[in-house]
Number of protein chains: 2
Amino acid sequence: MPIARRQPRDRAGLSDAAAPPDMSPLDQKLGFRLRLAQQTAFEAFHRLMSPLGLTPGRMGVLLLLEANPDIRQTALAEALRIKPSNLTVLLAALEAEGLLRRAEDAGNRRANLLRLTAAGRALLTRAKAAEAEVERQLTESLTPAERAALIAALARVAAG
Amino acid sequence: MPIARRQPRDRAGLSDAAAPPDMSPLDQKLGFRLRLAQQTAFEAFHRLMSPLGLTPGRMGVLLLLEANPDIRQTALAEALRIKPSNLTVLLAALEAEGLLRRAEDAGNRRANLLRLTAAGRALLTRAKAAEAEVERQLTESLTPAERAALIAALARVAAG
DNA sequence: CTCATTTGTTATGCGCCATAACGTTAAGCG
DNA sequence: CGCTTAACGTTATGGCGCATAACAAATGAG
């Protein structure tokens, strides 16, 4: 019987393998938690919406176009909180796919009036159902009241 | 009294200028609210931390290195929830700036043991103060209880 | 008409994330 | 022991979201 093994395998000394790292410096930071939650949200969105060829930005365009026919790009970019330069690229792709139309404003030839095509409306119908499932999965561990409080709190953070 | 101007300037017909777009399709969506809040958080972080040469990712490395000296890169990447391949780039820059040291593990020559340098610790001291101000600005419209509830809700969303 | 503004486009870069391919070192196993 | 598999890290590449700057075209004000 070996004398020397008084504490067999009980890790009394220095760890030699998997001591879990101390994450306490990060886990109460709002920025870190926002990043993780947004990453989860993006993954859920991608999982369910990429079969429809939609990213969050593209979906936002379609939704706001349905609610605001003949909107100008500047106004749409403002509503989406993105820069007009980035919207240009989004719109070019969506138009090339036949989901929307950019028509010149007769009264202001600088402006493009945006409108969904029939194909765009058809896609949006399917997309709304998929998007509802995304929201459901994301908030399935929250009560409706907690979900509402979360959204309200996020809105206040974003408002500054 | 002019007869013809029955409804002077009341926009009874088509709008000719700034009808505010209908954002209702987006404003209750968790994904959209997460994006806006995270964008605000990133802007606040950048405003106060970029003078110190820090991004969120770099700050996370420094914080976890202080709490976990001699951690391996794989464990650090897991704790930060980033991929080891992306951590490599972060660490190379931080090491080139003299903020941390990558020492070969004597008992496992594959692994790098990470440790802050004196310069890294000095920077981190200043960075913590600035980061506290970031958190303060972000949550200044929330009560402490609301802030805690927000972080808890975000953690549950991220947990799936 | 001239000049400043509005509207949209293009180009470029950063931060973060992911995957794939690779070299090196260590560990498992016959 | 030698072979195979796994762990650890690096490099390269691409996507997404965001930002700025420089630009062209059309409009409106003086």
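Numbers restart at 1 for each chain; the letters A, B, ... are given by sequence-line order, proteins then strands.
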Using whole Å, what does the distance between atom [atom2] of nucleotide [N] and atom [atom1] of [X] come to?
{"X": "B:Leu87", "N": "C:dG15", "atom1": "CG", "atom2": "P", "value": "16 Å"}
{"X": "A:Leu34", "N": "D:dG17", "atom1": "CG", "atom2": "C1'", "value": "16 Å"}
{"X": "A:Phe45", "N": "D:dG15", "atom1": "CZ", "atom2": "P", "value": "19 Å"}
{"X": "A:Leu54", "N": "D:dC16", "atom1": "CG", "atom2": "C1'", "value": "15 Å"}
{"X": "A:Phe32", "N": "C:dC16", "atom1": "CZ", "atom2": "P", "value": "13 Å"}
{"X": "B:His46", "N": "D:dG17", "atom1": "NE2", "atom2": "C1'", "value": "15 Å"}
{"X": "B:Glu78", "N": "D:dG9", "atom1": "CD", "atom2": "P", "value": "11 Å"}
{"X": "B:Asn112", "N": "C:dT25", "atom1": "CG", "atom2": "P", "value": "12 Å"}

Identify, residue by residue, the members of residues 55-66 of chain B with a heavy atom below 4.0 Å from DNA chain D, and return them in order of residue number, or none.
->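 Heavy-atom contacts with DNA chain D come from no residue of residues 55-66 of chain B; none.
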
5' priority, DNA chain D, between A:Leu90 and B:Leu91 [closest heavy atom] | B:Leu91

Hey, are the side chains of B:Leu54 and B:Arg58 touching, using non-hydrogen atoms and a 4.5 Å cut-off?
-> yes

B:Phe42 side chain: which of C:dC16, C:dT9, C:dG8 is closest?
-> C:dC16

Any ion pair linking B:Glu43 and B:Arg47 (charged N to carboxylate O, less than 4.0 Å)?
->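 No salt bridge links B:Arg47 with B:Glu43.
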
Looking at A:Arg136 and A:Glu133, does any basic side-chain N land under 4.0 Å from a carboxylate oxygen?
-> yes

Restricting to side chain to side chain donor-acceptor pair (under 3.5 Å), what partner residues turn up for [X], sequence neighbours left out?
{"X": "A:Arg81", "result": "none"}
{"X": "B:Arg110", "result": "B:Asn108"}
{"X": "B:Ser24", "result": "B:Asp22"}

At under 4.0 Å between heavy atoms, what does B:Thr74 touch on the DNA or RNA strands: base, sugar-phosphate, or nothing?
-> sugar-phosphate

Does A:Gln73 make a side-chain N or O approach to OP1 or OP2 of C:dT9 shorter than 4.0 Å?
->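 Looking at the OP1 and OP2 atoms of C:dT9, one of them is under 4.0 Å from a side-chain N or O of A:Gln73.
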
Under a 4.0 Å heavy-atom criterion, the protein footprint on nucleotides 18-30 of chain D, written with B, S and -, is BBBB----BS---

Quick one: CG on B:Leu99 to CG on B:Leu124, what's the gap to the nearest 0.5 Å?
-> 10.0 Å

Nearest 0.5 Å, what's the CG-CG distance between B:Leu138 and B:Leu150?
-> 10.0 Å

Of all residues at least two apart in sequence or in a different chain, which pass the salt bridge (charged side-chain N to carboxylate O under 4.0 Å, His left out) check with A:Arg115?
-> A:Asp70

5'-most by nearest nucleotide on DNA chain C - A:Leu36 or A:Ala75 = A:Ala75

